[in-house]
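Note that the structure is a prediction, hence the values are computed from the model and not measured.
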Amino acid sequence: MLRMSTLFLRTLREDPVDAEVASHRLLVRGGYIRRAAPGGYTWLPLGWIVYRNVERIVREEMDAAGFQEVHFPAMLPREPYEISNRWTEYGDNLFRLKDRRGNDFLLAPTHEEMFTLLVKDLYSSYKDLPLHIYQIQTKYRDEARPRAGLLRSREFVMKDSYSFDIDDAGLQVSYDQHRAAYINTFDRLHLPYVIVSAMSGAMGGSASEEFLAPIEVGEDTFVRCTSCDYAANTEAVQVRPPVATSWQGATAAVVADTPDTPTIQTLVDLVNARADLRHPERDWTAADTLKNVVVKLKHPDGTFSALAVGLPGDREVDMKRLEAQVGPAEVVAFEADDFAKNPSLVKGYIGPGSLGKDQPSGIPYLVDPRVVDGSAWITGADAPGRHVMYLTMGRDFTPDGVIEAAEVHGGDPCPNCGESLEIARGIEIGHIFQLGRKYAKSLGLTVLDHNGKQVTVTMGSYGIGVSRAVAAIAETVADDKGLCWPREISPADVHIVITGKPADPQGPAAEQLAAELEAAGARVLLDDRVGVSPGIKFNDAELLGVPTIVVVGKGLAGGTIEVKDRNTGERVDVAVDEIVPYLLDICGIRH
RNA sequence: CGGGGUGUAGCGCAGCUUGGUAGCGCGCCACGUUCGGGACGUGGAGGCCGGGAGUUCAAAUCUCCCCACCCCGACCA
């Protein structure tokens, strides 16, 4: 039994000044967590109970799916990560340290390499596959900017699983099994989620989906279709390209003097105002222009290369989307020095005429999928103060390829059904992806197939942010008074508040009730503090968020005890001799 | 990494402009009263004023350097 009189807990009357989001604020105010380091939190007794409940549910669901738990060290040697190239690719986000001999170690941000090597160590036959193993482990990532309490910290707990299969069909089955297990897990955690298509990012691999809890303070932006079930992380949205057309009979390209048109808007205004340049039937819009943006890519080995992106002028380059495409390279600005080294680039008037591997600049030129064969554009003429009109793709220019890097707008057509997309935000609580053979290949994980031939194993990787899930749950259940935990996650089933003077009969009655409930299997938090005013007790009970609040107070004289539902706020008075079975029913405990 | 901000008691803050005994509210301790929505009285404890150097008879306060943390952006599972 938890007793408020002795519990290592101090609730705060005021919001912590550094907490912005509800989960962070309330978990600190309620005495669940305390900040110990930038991006590192201490779990206090109530918080640790909640954390363990979440962890237990995750573990039970993994076990129920037939996955086997293992446990690796968090501190690992450099070599495996050197082989997979992630020692370099992870960059500054990797916590690195040295032992006394100067050997490099790291605090693992994730464990693909180690799982792969472990399986290589023990297994060598297709008969051993498929295999699903997982761990629940502390992970370390040296985030540039930890924030929002547990939502983004530098030390956090992740459940990571890995599947090993002999072929792609097997991987698909394993992936589906994990997907189903995740659905069960998040349902049981009472976490709302949207499953979105995702990019695999630094992990490598192909098919990938994220489980996002749709919460405004989330850091991930995703789109979903207002009509069909399409949903995708913004980075993974595939633009629905228009139909390519023939350029037979299309207007010939013409170069026009367009002085003082440094921006898309000034350009559009000018061509609409000039009789010789006006569109024959309608006004030109920014979407008729082709904007060419040159960026520099910083590669993991420290070298730089340039890249040009062509996209409709009504859209900016979305850096996240671009980086998702060019990763692990980082995108940095193309600066004045760089222009100086490429005299064929005329700042503000860059056009397809100078871009492309075979063009004067030699810079690879990738265009937005909306730039299809036969589409005509107003774009830079590679000369100061000049633009070219009706420049037609396929006829007048041919880029080196296509890239998904333009920002996504609410109202854009769904790539699946063509209806309108909407933009929303969420917290990433789970991520599943088909890694394929990247790690198995680089680390040499092969088995003999039924023909006695060596084949490379194909893998899947699956993660749930366990500590983050605690915050995400808190975020979804928070109200203006405090938290309201799902029963299975709550630190207790019932929170019993005693009111009245110390010598009143409420004390002994509450003690007896608590003892009976505990004997029947309910978890009780008893507010037996003496000399604390009832207002404080009621407020603390609402802040802490145990789903059922029981008040043993003034009603006792009339033979009743008050039961309050934290979620709905409903109160009922229950007769003393019926209270135990009544509460056990609420708690779902058979008696 | 860029922009902005803050460091004074456990928490939240004032004091700094114009240098001169370290303050307030909450919390904490003792005693008494109160006891269903953050009670009251009386008396207490608790500070290297983020760190270092400088100016000065004298620095929380002025100057310089450093550090830490927070927010926005960049970045990021």
Review point. Does a distance-only test, which skips hydrogens and angles, find a donor-acceptor pair under 3.5 Å between the side chain of A/Arg529 and the base of B/G38?
Key: no

Check your understanding: What interatomic distance, in whole Å, is found between C1' of B/U6 and the corresponding atom of B/A60?
Key -> 15 Å

Review point. Does B/G46 pair with anything, Watson-Crick or G-U wobble, both distances under 3.5 Å, and if so, with which nucleotide?
Key: none

Review point. On a whole-Å scale, what distance lies between the P atoms belonging to B/U18 and B/C62?
Key: 9 Å

**Study point:** Any A/Ser533 side-chain nitrogen or oxygen under 4.0 Å from OP1 or OP2 of B/A39
**Key:** yes

Practice item. For nucleotides B/C40 and B/C35, find the distance between their P atoms and express it as a whole number of Å. Key: 14 Å

Review point. Should we count CZ of A/Arg56 as having more than 12 external heavy atoms under 6.0 Å?
Key: yes

Exercise for review: Write down the distance separating the C1' atoms in B/G19 and B/A58, rounded off to the nearest Å.
Suggested key: 8 Å

Review point. Have A/His132 and A/Ser174 got a donor and an acceptor in their side chains that come within less than 3.5 Å?
Key: yes

Exercise for review: Please give the nucleotide sitting opposite B/G32 as a Watson-Crick or G-U wobble pair, both distances under 3.5 Å, or none.
Suggested key: B/C40

Review point. A/Tyr41 pairs by side chain to side chain donor-acceptor pair (under 3.5 Å) with which of A/Glu155, A/His24, A/Arg35?
Key: A/His24

Revision key, fill the gap. Any strand, both distances under 3.5 Å, Watson-Crick or G-U wobble: B/G23 pairs with B/C13

Review point. Looking only at side chains, do A/Tyr140 and A/Asp142 share a donor and an acceptor under 3.5 Å apart?
Key: no

**Study point:** C1' spacing across the pair B/C13 / B/A22, given as an integer number of angstrom
**Key:** 14 Å

Check your understanding: On a whole-Å scale, what distance lies between the P atoms belonging to B/U63 and B/G46?
Key -> 33 Å

Practice item. Just name whichever nucleotide pairs with B/G7, Watson-Crick or G-U, keeping both distances under 3.5 Å, else none. Key: B/C67

Practice item. If B/U56 has a Watson-Crick or G-U wobble mate with both distances under 3.5 Å, name it; if not, just say none. Key: none

Check your understanding: Whom does B/U18 pair with, Watson-Crick or G-U wobble, provided both distances fall under 3.5 Å?
Key -> none

Point to revise | Gap in Å between the two P atoms, one belonging to B/A45 and one to B/G10, rounded | key: 16 Å

**Study point:** Which nucleotide in B/C26, B/C69, B/G37 has an atom nearest any side-chain atom of A/Phe538
**Key:** B/G37

Practice item. Provide the distance between the two P atoms, one in B/A9 and one in B/G47, to the nearest whole Å. Key: 11 Å

Check your understanding: Got a donor-acceptor pair under 3.5 Å from the side chain of A/Lys501 to the base of B/G36?
Key -> no

Exercise for review: Tell me whether the guanidinium CZ or amine NZ of A/Arg96 lies under 6.0 angstrom from the six-membered ring centre of A/Trp87 and within 45° of its axis.
Suggested key: yes

**Study point:** Who pairs with B/G2 - Watson-Crick or G-U, where each distance is under 3.5 Å
**Key:** B/C72

